[in-house]
Amino acid sequence: MNKSIELLAPAGNETALHAAVQSGADAVYIGGTKFGARHSAKNFTIDDIMKQTEYCHLYGVDVHVTVNTLIKEKELSEVVEYARELNSVGVDALIIQDMGAAELIHKALPDMQLHASTQMTVTSLEGVKYLEDMGFSRVVLARELNKKEIETICAGARAEIEVFAHGAICMCYSGQCLMSGILGGRSGNRGRCAQPCRLNYTMLENGKSCGSAYVLSTKDMALVRHLKELRDIGVSSLKIEGRLKRAEYVSAVVGVYRKYIDSDAEVSKQDMRELHDAFSRSGFTDGYFTGNLGAPMMSHKNPGNDNNTFTDEAKKRAMSDSNVRKIPVSISGSMHKGEPIRVSVFDSEGNFAEAEGKEAVEKAANKPLDKRRFIAQLVKTGSTPFEVTEMYTDMDDDVTAPIKDINGARREALEKLASIRSSRPTGRSLAAELPKKVKRQEVQVKFSAEVRTAEQGRAAAESGIDLIYAPAEAASELQRNFKDIEIVTRTEEIFREQRILTGAASVSSNAAIQHYGKSGIRLYGTHRLNVFNAASLEHYRKLTLVTISPELRLSEIKDIAEHSNIPFELIGYGRIPLMLMKNCPIKAMGRCQKHKDKISLKDRRGEEFPIICRKGCMAELLNSKPMYMADKLSDLIKTGASRIKLVFTLETPQQCRRIIKIYKEALNGSVSKMRENTFTRGHYYRGVE
């Protein structure tokens, strides 16, 4: 098999990193102490990263560092300076989620390789093109893509394409999950996911239990049997998940994948057993890649690991002082009378180093140095990472020199070569202007409504709402009946090309912006763009309006408003979507009724989370309670928002009218309280970590 495809391994600590390198990784990805999506991993300080980067570069292994959380306004300066530090210690690439941070870092470090995190939810060539234009050199695709979709992207992309090949997969599209944050304030977008998807839930059908299981718990992915296909369709890098896993796990999985990347052999039962023993949840799945969705992808009975058994080889490679992986070198030694011994070493990348002995070579008074002895001393690499594969000598007859002189010259030459290999030039570090404070223009706050049906839309229009987001069919109907209202076609959250019959569309991804931006229609950004700071808001300045992330506190939203005049919108009412799932949990539980029944999940606290079925068996999990802010409307207005969005999902048209009336009355000073424990304030007062 062509070895050009990169094997990218996880490392949550030094031992795991060494295990990855010794087991054959081409690159590792690690997290620092800041802005990484695995907050609970041990992670690395800047000094650690410098040390480990030198270690990796010695073996020709690249180092990618995760800077893949959403960045709050007050953190923008810090994240740019952190990126500068990473640049200064020679890391090879940064993995980024936040669009504003990416733009600032690219300006500050134009030579640094930027990789778009899977948290960006890239599922199409349009999404890749958008990021290419921003300066990203690699895009990590969403895990939910099948072979044909990946192949289409690879065929049209300039950027390198990276896919997850092994390890845990989320039930929700990465970057679109708000469940952990809503339930416990620990946001997956901030690297602190509490994994509520691994808990037990009871599925309710029309309010009655139809079974309990780990409904949202998926098996781990394993694409080891598809490596040739992945290479042939143009994938540049295969990523193994597991920065929270043990070093032995990293060693075992990297070792198996290295073996089959380097050969066309069929994967043996023994090697599949090794992968299973290292970590699995009721076996593995290749469901997204092959399109085999449903129950076979799920681990309904056991959300945790089945085993933890490692082979002796994996354990050996995972030892802290392991030195299994060797670097092939050519070595040349010369001995000429009256000159010092000269030792030269070369590697396959063209690096070269040489050293001399301390004393001049002399004519032997008695027994000359045997050539075989000279060679034997030159090829001794001991505990170094080098292995001599080619040997050249040039020596006079009847000469001798101290053995320690030969050893010293060889040792010095190898040390110099190690130093050369470990160091790489760093890129430029330029000024990057952060968003400055602005005097925001005061606006008369208005309401908008997001609806799922034409009936809800009609209720909103008849209640005086002048901006309505609705799915394509409903939007077209509303456009015909309400000429003076801005009807925005609500496009799919996961991009696919749709026909837009209105003058405006909502966009939930960079792919949608890339596609619909060419049509000349007005574009409105949804909360799924994950706008967390003024730099991100400014990045989307060409959009008519952008909905700010619902994971921010009101005070943090004010921080954004103080640094940007771009108009924005806040969600003021509605059930926040917690998960967007390609593998429908209803269907996986064998309860698909073609949208006829009301399905929800009940957690251990008795809270019920409705599931909405979408086109193509997509499923959306909603929060158990709607957000309600009518009695706190003044707090929303003080943020500087231009509009307050009322999101209607399960509400009847009558309920839509009633909610709109309450909010309009609140705008005029009339406060309506809701019954306790029937609503939530979202994150507006508590925020997320």
Side-chain angles (χ1 to χ4, degrees), residues 3 17-19 21-26 50-63 89-90 92 258 262 313 316-317 319-426:
K3 297 181 183 180
L17 182 144
H18 288 201
V21 171
Q22 294 301 324
S23 301
D26 297 306
M50 179 171 65
K51 176 184 174 184
Q52 300 309 324
T53 298
E54 290 175 352
Y55 173 84
C56 288
H57 286 173
L58 172 61
Y59 287 93
V61 173
D62 288 342
V63 178
V89 300
D92 300 285
R258 178 80 272 159
D262 292 346
E313 291 81 2
K316 182 179 179 181
R317 294 192 302 263
M319 292 174 62
S320 58
D321 59 348
S322 177
N323 193 16
V324 176
R325 185 174 182 173
K326 293 295 183 180
I327 303 164
V329 294
S330 301
I331 194 163
S332 173
S334 67
M335 287 182 62
H336 297 291
K337 183 180 176 182
E339 299 177 5
I341 292 169
R342 288 186 176 87
V343 176
S344 304
V345 286
F346 311 80
D347 65 19
S348 59
E349 283 81 47
N351 296 308
F352 161 79
E354 65 178 357
E356 294 182 346
K358 303 300 182 184
E359 302 177 22
V361 174
E362 298 177 343
K363 181 176 177 62
N366 297 306
K367 185 177 180 181
L369 182 70
D370 185 75
K371 185 176 181 179
R372 287 177 295 180
R373 179 71 186 277
F374 185 36
I375 292 173
Q377 295 307 124
L378 288 176
V379 299
K380 286 183 177 180
T381 55
S383 61
T384 73
F386 298 107
E387 178 182 53
V388 176
T389 55
E390 290 184 301
M391 175 73 219
Y392 306 94
T393 59
D394 179 18
M395 62 185 298
D396 294 340
D397 295 330
D398 301 323
V399 293
T400 188
I403 295 299
K404 67 176 183 179
D405 223 25
I406 302 172
N407 292 341
R410 181 205 65 230
R411 188 181 306 112
E412 183 181 347
L414 291 175
E415 288 173 352
K416 286 181 177 179
L417 182 62
S419 179
I420 292 169
R421 289 180 60 91
S422 295
S423 61
R424 295 183 186 178
T426 58

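Keep in mind that what you see is a predicted model, and the values were worked out from it rather than measured.
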Calculate, to the nearest 0.5 Å, the distance between atoms [atom1] and [atom2] belonging to [X] and [Y] respectively.
X: Leu378; Y: Met335; atom1: CG; atom2: CE; value: 9.5 Å
X: Ser422; Y: His57; atom1: OG; atom2: NE2; value: 9.0 Å
X: Lys371; Y: Asp397; atom1: NZ; atom2: CG; value: 9.5 Å
X: Thr384; Y: Leu414; atom1: OG1; atom2: CG; value: 5.5 Å
X: Leu417; Y: Phe386; atom1: CG; atom2: CZ; value: 4.0 Å
X: Thr53; Y: Leu58; atom1: OG1; atom2: CG; value: 12.5 Å

Q: Would you mind checking if Arg342 and Asp394 are paired as a salt bridge, meaning a charged N to carboxylate O distance below 4.0 Å?
A: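 Here Asp394 does not pair with Arg342 in a salt bridge, since their nearest N and O are not under 4.0 Å apart.
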Q) Between Lys416 and Glu354, is there a side-chain N and carboxylate O pair less than 4.0 Å apart? A)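 Result for this pair is no, no salt bridge flagged.
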Q: Starting from the C-alpha separation in whole Å, work towards a yes-or-no answer on side-chain contact (heavy atoms from CB on, under 4.5 Å) for His336 and Val361.
A: CA-CA 6 Å; His336 297 291; Val361 174; over 6 Å; no
Side-chain touch [X]/[Y], heavy atoms, less than 4.5 angstrom:
X: Arg410; Y: Ile331; answer: yes
X: Asp26; Y: Asp62; answer: no
X: Thr393; Y: Ile375; answer: yes
X: Lys316; Y: Val324; answer: yes
X: Pro385; Y: Ile327; answer: yes
X: Glu356; Y: Ile341; answer: no
X: Cys56; Y: Leu17; answer: yes

Q | Partner residues of Arg411 under the salt bridge (Lys or Arg N to Asp or Glu O under 4.0 Å) criterion, sequence neighbours left out | A |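 Arg411: no salt bridge (Lys or Arg N to Asp or Glu O under 4.0 Å) contacts found.
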Within the distance-only criterion (no hydrogens, no angle test), does the side chain of [X] pair as donor or acceptor with the backbone N or O of [Y] below 3.5 angstrom?
X: Asp398; Y: Lys363; answer: no
X: Ser419; Y: Glu415; answer: no
X: Arg421; Y: Asn351; answer: no
X: Asp92; Y: Val63; answer: yes
X: Arg325; Y: Gln22; answer: no
X: Asp405; Y: Lys358; answer: yes

Q: Using side chain to side chain contact (heavy atoms under 4.5 Å, CB included) as the criterion, list what pairs up with Thr400, not counting sequence neighbours.
A: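 Scan of Thr400 (side chain to side chain contact (heavy atoms under 4.5 Å, CB included), adjacent residues dropped) gives Ala364, Leu369.
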Q. Under the side chain to side chain contact (heavy atoms under 4.5 Å, CB included) test, which residues partner Lys51, sequence neighbours left out?
A.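 For Lys51, the residues satisfying side chain to side chain contact (heavy atoms under 4.5 Å, CB included) (neighbours in sequence not counted) are Glu14.
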Q: With side chain to side chain donor-acceptor pair (under 3.5 Å) as the test, would you mind laying out the steps for Ser322 and Arg317 before giving the verdict?
A: CA-CA 6 Å; Ser322 177; Arg317 294 192 302 263; over 6 Å; no
Q: Please work out which of the three classes, parallel, tilted or perpendicular, describes the rings of Tyr55 and His18, given edges at 30° and 60°.
A: parallel
Q. Is the count of non-hydrogen atoms from other residues, nucleotides or ligands lying under 6.0 Å from Met395 atom CE greater than 12?
A.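 Result for CE/Met395: enclosed.
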Q.
Tell me whether the count of non-hydrogen atoms from other residues, nucleotides or ligands lying under 6.0 Å of NZ in Lys326 goes above 12.
A.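 More than 12 heavy atoms, drawn from other residues, nucleotides or ligands, come within 6.0 Å of this atom.
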Q: Check the pair Ile406 / Phe374 against side-chain contact (heavy atoms from CB on, under 4.5 Å), numbers first and verdict last.
A: CA-CA 8 Å; Ile406 302 172; Phe374 185 36; 3.8 Å; yes
